[in-house]
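Heavy-atom basis, side chains included; hydrogens, waters and symmetry copies ignored. Given the structure is predicted, the values throughout are model-derived calculations rather than measurements.
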Amino acid sequence: MIDHISVGVSDLERSAKFYETTLGALGLTRVVTRPRTIGFGKAYPEFWINLREGMPHVTPESGVHICLRARTTAEVDAFHAAALSAGGASDGAPGIRPHDRVPYYAAFVVDPDGNRIEAVTFPAD
């Protein structure tokens, strides 16, 4: 249903380094580079970062987060570790999240601007 998403960032180069590392763990690479925006994806840009100079830090109270699908729990683990190594913060370590319909395995990180990003997979057992 959703074709692509974008987040605002205050420093394009810092965020490019963060997202190259973090999204790389999920198999996404930089596929488009423009002066004020960079697109990441597998075959076409699915995740964009857009320069917003002077943008204030995104507060946790905004409630906004973006969830990306991982193929395996190992990818979720790698996503979390990559984000932390690239200057992000943990907002929920990798693990099973019980749910009333189906349990899922996820990790939450916060990028250098405060954007909350999740990776999720649905293990068979």
Ignoring hydrogens, what is the shortest heavy-atom contact between [X] and [Y]? Give both atom names and the distance.
X: Ala16; Y: Arg30; answer: CB-NH2, 3.2 Å
X: Thr73; Y: Pro123; answer: CG2-CG, 4.1 Å
X: Gly87; Y: Pro112; answer: O-CG, 4.3 Å

Please check if [X] and [Y] belong to a single hydrophobic cluster, counting links between Ile, Leu, Val, Met, Phe, Trp and Tyr side chain heavy atoms closer than 4.5 Å.
X: Leu12; Y: Ile117; answer: yes
X: Leu26; Y: Phe47; answer: yes
X: Leu68; Y: Val109; answer: yes
X: Tyr19; Y: Val58; answer: no

Whether over 12 other heavy atoms sit under 6.0 Å from Arg97 CZ: yes
Quick one: pull up [atom1] in [X] and [atom2] in [Y] and give me the separation to the nearest 0.5 Å.
X: Leu23; Y: Thr29; atom1: CG; atom2: OG1; answer: 9.5 Å
X: Ile66; Y: Ile5; atom1: CD1; atom2: CD1; answer: 4.0 Å
X: Glu53; Y: Arg36; atom1: CD; atom2: CZ; answer: 4.5 Å
X: Ser15; Y: Asn115; atom1: OG; atom2: CG; answer: 8.0 Å
X: Ile38; Y: Asn50; atom1: CD1; atom2: CG; answer: 9.5 Å
X: Phe18; Y: Glu13; atom1: CZ; atom2: CD; answer: 15.0 Å

Set of side chain to side chain donor-acceptor pair (under 3.5 Å) partners for Asp11, sequence neighbours left out: none
Donor-acceptor under 3.5 Å (Thr37 side chain, Ile49 main chain): yes
Side-chain donor or acceptor of Asp91 paired with backbone N/O of Phe108 under 3.5 Å: no
Any Val102 side-chain heavy atom under 4.5 Å of Phe122 side chain: yes
Side chain proximity check, Thr72 to Thr121, heavy atoms < 4.5 angstrom: no
Aromatic ring pairing His4/Trp48, orientation class (parallel under 30°, perpendicular over 60°, tilted between): perpendicular
Pair Arg14 + Asp113, salt bridge at N-O below 4.0 Å: yes
Counterpart residues, side chain to side chain contact (heavy atoms under 4.5 Å, CB included), relative to Glu46 (two or more places apart): Lys42, Tyr44
Do any side-chain atoms of residues 76-86 form donor-acceptor pairs under 3.5 angstrom with protein atoms, and if so which ones, sequence neighbours left out?
residue	atom	partner	partner atom	Å
Asp77	OD1	Tyr105	OH	2.6
His80	NE2	Ser90	OG	2.9
Ser85	OG	Ala82	O	2.9

Candidate pair Phe40 and Val32, rule side chain to side chain contact (heavy atoms under 4.5 Å, CB included), full reasoning: CA-CA 7 Å; Phe40 298 87; Val32 173; over 6 Å; no
